[in-house]
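Below: one structure, written as structure tokens.
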Amino acid sequence: MNKILLMILQRFGLGLLTLFVVSVIIFIGVEFLPGDIAEALLGQGASPENVAALRKKLGLDVPAHTRYVNWWLNVIQGDFGTSLANGRDIAELIRVRLANTLFLAVVAASVSVPLAILFGILAALYRNSLYDRSVNIITLGAVSAPEFLVAYVLILYFSVTLGWFPSLSNVDADTSFFERLHRVTLPAVTLTGVILAYMMRMVRASIINLLASAYIEMAHLKGMPKLRVIIRHALPNAWAPIANIIAISLAYLVVGVVVVEVVFIYPGLGQLMVDSVSTRDIPVVQACSMIFAGTYILLNLTADIVSICTNPRLLHPK
Amino acid sequence: MKKSKIEQIIHQDTVLKQALNDPRITRRDFLAFAGAMGLSATMGSALWSGRALAAGPTRGGHMVSGLNGANTSDSLDSGLFIDTFMICVSRAFRDSLVDVAQDNSMEPALAESWEASPDAKVWRFNIRQGVEFHNGKSLTTDDVVASINMHRGEDTTSYAKGVFSGITDVRVDGNTVIVELADGNADCPALFGDYHFNIVPAKDGVADVLSPHGTGPYLLKEYDPGVKTTLDRNPNAWHGDGVAHADSHEVIAILDDTARQSALISGSVDVINRPALKGIARLKKVKGINIVDVPSNLAFTHPMRMDVAPFDNMDFRTALKLSTPRQEFIDKVLFGYGAIGNDQPLGPQFTSYNPDLKVDYDLDKAKHHLKKAGLEGVKIDLSASDTSYGGAMDAAQIFQSHWGKVGVNVNIIKEPQDGYWNNVWNVKPFCTCYWGARPVEDMILSIAYLSDSPWNDTVIKNAKVDELVVSARGELDKKKRIAMYQEVQQIISAEGGTIVPAFGTDVAATQDTIGVADQIGGGWEMDGGHYLKRWWKA
Amino acid sequence: MNNRLLEIRNLEIDGESDEVWHEIIKDLDLDLDRGEVLGLIGESGAGKSTLGLAAMNFVRPGCRIRGGTIRFDGQELTAQSETTLRKLRGVRIAYVAQSAAASFNPAHQLIDQFSEIPVVHNVKNRQDAEADAKGLYRRVLLPDPDAIGYRYPHQVSGGQLQRAMTAMALSCRPDLIIFDEPTTALDVTTQIEVLTTIRDIVREFNTAAIYISHDLAVVAQMADRIMVLRYGELVEEATTREMMSDPKMDYTKSLWAVRSFKKETETAATEINPVVKVDNVTAGYAQEDILKNVTFEIHRGQTVAIVGESGSGKSTAARVITGLLPPRLGNIQFNGQVLPKSFKARNKDQLRHVQMIYQMADTALNPRQRIRNIIGRPLSFYLNLTGQKREERIRELLSLIELEPDLYIDRFPDELSGGQKQRVSIARALAAEPEFIICDEVTSALDQLVAEGILRLLDRLQREFNLAYMFITHDLATVRAIADNVVVMLQGEIVEQGPKTDVFSPPHHEYTELLLSSVPEMDPDWLNELITHREKHGVMASTSTS
Amino acid sequence: MTSEQATGFDPQVGRPRRSRLQSALREILKAPIAAKFGILVILVYGFVAIFAPVITPYGETEIVGPEFDVWGEQFILGTDGLGRDMLTRLLFGARNTVGIAFITTCLAFVIGGLTGLLAAIYGGWLDQVSSRIVDVLMAIPQLIFALMLLTIFGTSIPTLIIVIATLDATRIFRVTRAVSLNVVVLDYFEAARLRGERIFWLCIREILPNITAPLLAEFGLRFCFVFLMIAALSFLGLGIQPPTADWGSMVRENAVLITYGDITPILPAIAIAILTLGVNFLVDWFLHKSSGLKDGH
């Protein structure tokens with residue numbers, strides 16, 4: 001058990017390190033962006049004095065490394081600072097957006113993950129059957145179409161033509177849960193289409209891999225029913241890869257949904273970050289990327305932990 | 001007050017003249033004309049037989065709009081406004097001293113009335129009494145002064161700094177705020193109608209630029225930059241029943257054209273701005289949707305730096321101008337929503353606009369001029385990017401093909417979108433650009449067409465223009481000013497370094513339940529940014 | 001009552017490789033009475049396992065039963081539905097696989113995997129099943145039978161797993177158990193114990209069994225009757241004693257003859273200084289030492305056999321000599337000069353003179369290179385041979401290893417049989433013109449006939465080129481055949497070394513004794529005698545089972 | 001004949017010797033219909049991409065007719081908003097979009113594959129460092145990172161290619177490393193090392209030939225991802241810039257028309273979908289081949 005704890009802690013440490021490096025990269029990256037927020041904000045009308053004044057006002061005249069250090073010092077105290085663009089408290093700004101992003105991600109995930117595992121298992125069970133092939137083709141089709149297209153088509157049919165769902169998924173603090181659900185349906189469906197195929201195929205693959213192993217043949221020779229063989233003998237050994245797949249997909253759901261946000265006007269983190277990049281709102285970009293990277297790392301960590309904890313060799317050392 | 005009435009009459013008088021001798025008579029002109037003849041607006045529009053008629057304003061209802069021109073980095077600091085979303089919102093919950101009325105005349109707002117000294121150097125604005133900010137604080141002259149000063153001085157970050165640079169002193173005299181200008185400016189009131197200029201409460205003498213409290217007819221209920229804003233009626237607004245028809249507003253930022261359009265069609269929103277012109281023909285056909293279009297002063301300019309060869313050669317410039325396909329530009333880049341331009345920046349909405357000034361499409365003449373310049377087969381670079389204006393890349397190609405016909409080989413340079421205004425515009429010898437509408441001629445001319453203008457993107461140094469602009473600024477006699485401005489237009493069009501194939505048209509689309517006055521402001525899109533309080537939901 | 005349990009007639013099974021079907025079992029008959037033990041003998045590819053599985057009407061993926069009938073206890077299996085077959089499997093016919101380690105599900109405790117059979121088949125409820133399991137664990141002599149069931153497969157040694165699997169097979173007291181090479185993966189000393197267990201258990205429960213093995217000596221101990229298979233056809237069938245005493249068919253005879261090969265002369269150390277000297281080497285991974293100050297010499301033209309069971313460190317010795325595993329202490333001397341510890345630091349010549357032949361010929365040859373390049377590379381790399389010279393040398397080497405050059409030079413490894421591959425890797429080693437070759441279990445993956453061919457070849461080459469061999473093996477028969485000197489290793493230490501004759505003739509070191517006595521002999525009574533003898537002298541089971 | 005050849009029974013020994021090409025062709029002929037479809041699609045696209053200028057009726061950016069002309073004889077698929085022939089744009093799209101995606105993927109493979117191989121062979125600190133770097137890069141949302149880099153370096157096609165390739169290389173690094181590790185532990189690789197072979201030989205002759213199948217499969221997948229990535233970037237306005245005909249931006253340019261049930265703007269997207277589908281089918285087949293797993297019946 002100790003060994004496991006050690007491994008997990010080790011992974012965790014690595015995660016933190018990664019997070020730190022990411023912050024540096026992002027900061028440098030934003031530093032290198034042509035022009036800065038002052039110019040970006042003032043646009044065509046910018047006159048040198050304006051820019052200079054705004055820079056001073058935003059404290060951009062301080063050297064970069066100092067700003068970076070200060071930024072960390074504040075973050076450690078849980079203060080992400082305020083947006084350069086409109087002086088709003090970033091923690092607050094992001095809290096709302098993050099909540100939205102997570103909500104959408106959770107909805108999409110809670111649909112796609114179970115489906116993916118189910119379809120995956122069935123496909124593995126009846127592989128090369130008509131079912132397997134057709135599911136394969138359908139899901140492939142789903143991943144093959146660009147997100148925004150799927151989104152537009154969904155809007156065309158379910159929103160414009162049928163009017164079942166709103167084409168705008170704008171939600172805010174006082175939107176009721178079911179209202180939210182109703183509004184994020186289309187985006188959620190879009191996202192599901194994107195990740196379902198991927199997950200399902202991986203699940204199928206990893207299970208089929210296992211089915212080739214000797215103990216599965218043994219299970220058959222012990223006269224175990226097909227389903228039991230899958231559920232009881234294959235699945236327990238497939239958790240590690242499956243967890244990994246799910247982690248990656250979830251990460252995607254959190255960080256990769258900018259396009260969907262844009263199309264459905266969903267106030268999530270992605271849109272915020274893209275805007276902030278274009279307006280050089282460094283603290284916001286920093287905060288967002290921290291959160292994104294954090295999510296990614298956390299999910300992978302969880303996947304690792306799952307694979308550690310489902311590995312009998314580690315769980316029950318000699 | 002008296003003055004503005006006079007202005008109005010003169011204005012309509014001009015329009016009347018135009019209406020009579022202009023073959024391209026526009027609906028607005030006609031209505032103005034009709035108005036001048038004493039016909040009621042509604043009858044006028046009946047005669048015009050335009051789109052389905054909206055009944056008179058009805059009060060109440062909840063209006064949902066989806067607007068482009070928003071960004072999560074938007075701020076309540078009116079000095080930093082650059083686009084429609086914030087302008088409209090701000091116009092709904094804040095007031096200016098002066099408003100640009102739907103007929104483009106100057107209309108009193110928080111300033112009940114104003115007078116100018118004969119030399120138009122000193123202006124007295126009488127501040128409306130008994131007005132309260134939404135937080136209950138009552139409006140004082142200090143607030144006004146602070147609100148003016150936030151755009152002045154070295155360390156101001158206001159984008160309107162240039163606009164207010166002419167002000168030398170602002171002081172209070174009882175209920176009157178006195179503004180002194182370096183030199184006379186008859187358009188001074190217009191400065192205070194500029195969308196950057198909002199009256200915000202002062203905190204110990206300094207404007208509280210981020211304050212959510214204004215004096216406007218609506219209360220800022222919820223404000224999420226780049227996402228949405230909700231407004232409720234201000235129970236104790238000083239404005240009469242003339243404005244703020246809807247009880248409440250929800251303004252959603254929808255940057256994606258397709259999303260904005262489908263939001264309208266699917267009925268999620270009542271109003272959108274900038275419907276994608278590509279699909280507008282089809283949008284028109286959709287039942288229950290109205291298109292609201294207003295010719296604007298937005299100018300699509302293509303500045304050539306006249307100190308760089310070959311653009312320093314007037315014949316060469318003329319050759320380009322003569323071979324510029326203006327109608328095709330309007331058809332393909334603006335999808336028909338625009339007015340033919342004449343290579344000078346003052347748009348058809350200006351009282352001084354001279355519709356007779358035209359630049360025709362004549363390849364032979366163009367060839368002749370090019371020959372004269374001895375520049376046949378010359379190779380030039382045109383820096384373009386869709387950031388300068390939507391469709392700029394397409395436009396560049398259209399120009400390329402036509403200028404090619406007269407023997408000018410154009411090499412289109414795709415400029416990166418980012419930093420376009422810093423690294424390309426006003427730097428590269430020839431690029432695509434636009435100039436947003438300004439309420440008065442002087443605002444454009446003095447910041448871009450004087451020898452010493454800060455943004456003289458064509459590097460024009462023309463003594464005559466300089467002189468005309470300065471004197472027109474101080475000229476209180478409308479007729480004289482118009483004459484002067486028309487001469488300026490004449491000179492720039494003939495000798496200047498910009499190609500203006502067209503002036504823009506502001507387009508919005510609404511559900512037919514949305515009522516819109518027959519004549520709406522052109523100073524900025526969405527009824528000069530006033531639509532939230534001027535349009536109504538039937 | 002009818003005593004006939006299993007009756008297979010004209011069985012035909014096809015196997016598929018690259019979308020081509022070829023016969024694995026050709027028109028084969030098989031009869032088995034209740035309580036009878038039938039031995040299936042044959043080399044790999046003879047179709048033993050396929051036939052064994054067919055007894056439960058089960059075919060591996062990529063195979064199909066084309067014809068024939070399988071009657072089990074009067075019931076025609078080929079006609080049955082999956083469900084009825086399922087009800088049969090595990091209950092009336094059980095299977096014991098070759099590798100217990102791979103055939104136990106790593107995710108579940110042994111006892112779970114035991115109990116699920118009776119539980120799923122509604123023979124017993126969980127409690128009874130577990131109780132029964134413990135009982136059987138005791139019967140198969142598993143240590144701590146009440147607790148061991150709650151361990152996970154990886155926590156149990158190979159020998160014990162094999163017993164556990166035998167116990168599992170018995171969970172529903174089947175009429176027939178199929179043992180598919182149950183001891184092949186085990187060390188000799190362990191093998192004895194498992195064999196004993198299996199035999200006793202089968203007798204005790206009077207279960208019929210099909211015992212599949214390539215090792216005749218082993219089968220001899222277990223079976224009442226033996227069928228010899230080759231290429232999916234029956235070669236010969238007879239009762240065990242008959243088969244042992246006078247085999248009829250040549251092929252069968254040849255099987256017997258395998259162990260006849262013996263190196264003529266025993267080369268004693270010719271010169272004083274050896275080709276290779278492993279000098280007091282201690283080496284290992286991380287903290288634990290696999291080798292503990294080991295010292296031995298190998299002289300020119302001599303074969304030194306390193307003998308030991310898995311985990312004895314014999315392969316590690318090879319890795320140390322080749323420089324893959326730098327020793328912690330001590331060093332390797334080559335012709336008197338100390339070799340750099342890591343192969344990275346050794347020069348071309350030093351590398352050239354130490355060559356290696358691997359156990360698994362399939363993984364020893366790059367499947368994407370033609371034989372020409374495989375053998376040719378050392379030539380161009382070490383000896384800078386090119387063009388015609390190179391080509392000629394390659395052909396020379398091919399004929400040296402008795403492969404027709406024109407026929408094989410352009411082939412890919414997967415177009416060769418196991419033995420041929422092994423020959424090619426020998427040729428590759430020879431190509432470098434080394435003085436010293438390490439042979440790591442080179443024959444253990446091969447069938448006996450093939451193995452013998454390889455041994456003969458190696459022997460011939462040794463004489464021709466006066467090579468020094470280090471022969472790593474666990475198979476004492478092989479040692480007897482080719483070794484001059486023997487080094488016996490146990491858990492990283494040398495327990496005994498010296499000329500073969502000395503080592504293999506008493507008095508023995510006790511472990512050597514154990515090893516020697518554990519090698520099955522071609523005598524049906526060998527096992528019994530051994531057991532009784534051991535009980536008398538109280539020779540304890542080797543410790544190497546865990 | 002020695003005992004060896006006598007016992008040399010092996011279904012494969014009898015198999016005739018074939019050149020790589022022959023065996024490849026043989027494989028393709030035996031391929032399942034889906035894979036054949038994939039191959040066909042790729043061939044067609046490849047052909048179109050290469051010969052676009054020859055087979056298109058008009059020039060890529062040539063304005064040949066009225067805007068939004070309907071389908072007809074002159075303009076088979078009508079024209080776009082500028083009056084450029086839709087069919088022409090579509091075909092050129094194949095050239096640009098596919099071409100760019102292809103180059104990008106290749107570059108990504110050069111970068112990621114090489115580092116992956118080296119990491120697998122050398123192991124130790126090199127492996128550690130490179131893996132950590134990859135972890136970091138992967139922790140940054142790809143799209144956002146791309147957006148940022150593209151805004152830094154400007155959205156020219158070369159930068160687009162380099163940026164996406166670098167980001168994509170991370171995934172490829174992992175795969176290559178993983179599959180290489182399987183080879184590195186094999187005896188023939190050990191033998192080659194003991195022979196004293198240089199790193200180049202080890203990569204090119206010992207490992208690469210044995211990991212081509214999984215790598216090809218990965219190539220297919222990455223290609224699709226890159227493809228969709230570019231489409232997404234174009235959608236966000238940072239991909240391939242007009243007037244270059246690119247399917248992603250073409251969809252975006254005319255997306256507004258989708259709302260009216262006009263399918264013309266969807267055509268490029270369908271083109272994208274078909275190619276991705278085809279490639280994926282082929283990939284499936286490769287994966288099946290490489291994971292020599294025989295499916296049961």
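Below, chains carry the letters A, B, ... as their sequence lines are ordered, and counting in each starts from 1. The analysis underlying the following values was restricted to heavy atoms, covering all of them including side chains, and did not include hydrogens, waters or symmetry mates.
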key: Other residues, nucleotides, ligands: >12 heavy atoms within 6.0 Å of F102(D) CZ   = no
ask   = With a cut-off of 6.0 Å (strictly less than), are more than 12 heavy atoms of other residues, nucleotides or ligands near NZ of K344(C)?
value = no
ask   = Any idea which of I374(C), L324(C), T322(C) has the most non-hydrogen atom pairs under 4.5 angstrom with chain D?
value = L324(C)
request  = Under 4.5 Å, heavy atom to heavy atom: which of residues 178-200 of chain D reach chain C? Give them by number, or say none.
outcome  = L186(D), D187(D), Y188(D), E190(D), A191(D), R193(D), L194(D), R195(D), G196(D), E197(D)
message = Does any backbone or side-chain atom of N347(C) lie under 4.5 Å from a heavy atom of chain D? Answer side chain, backbone, both or neither.
response = neither
Residue part contacting chain D, namely of R428(C), when any heavy atom lies under 4.5 Å = side chain
message = Which heavy atom of N366(C) sits nearest to which heavy atom of R205(D), and what is that distance?
response = ND2-O, 3.2 Å
inquiry  = Taking side-chain contact (heavy atoms from CB on, under 4.5 Å) as the criterion, tell me which of I211(D), N210(D), I207(D) meets it with R368(C).
reply    = N210(D)
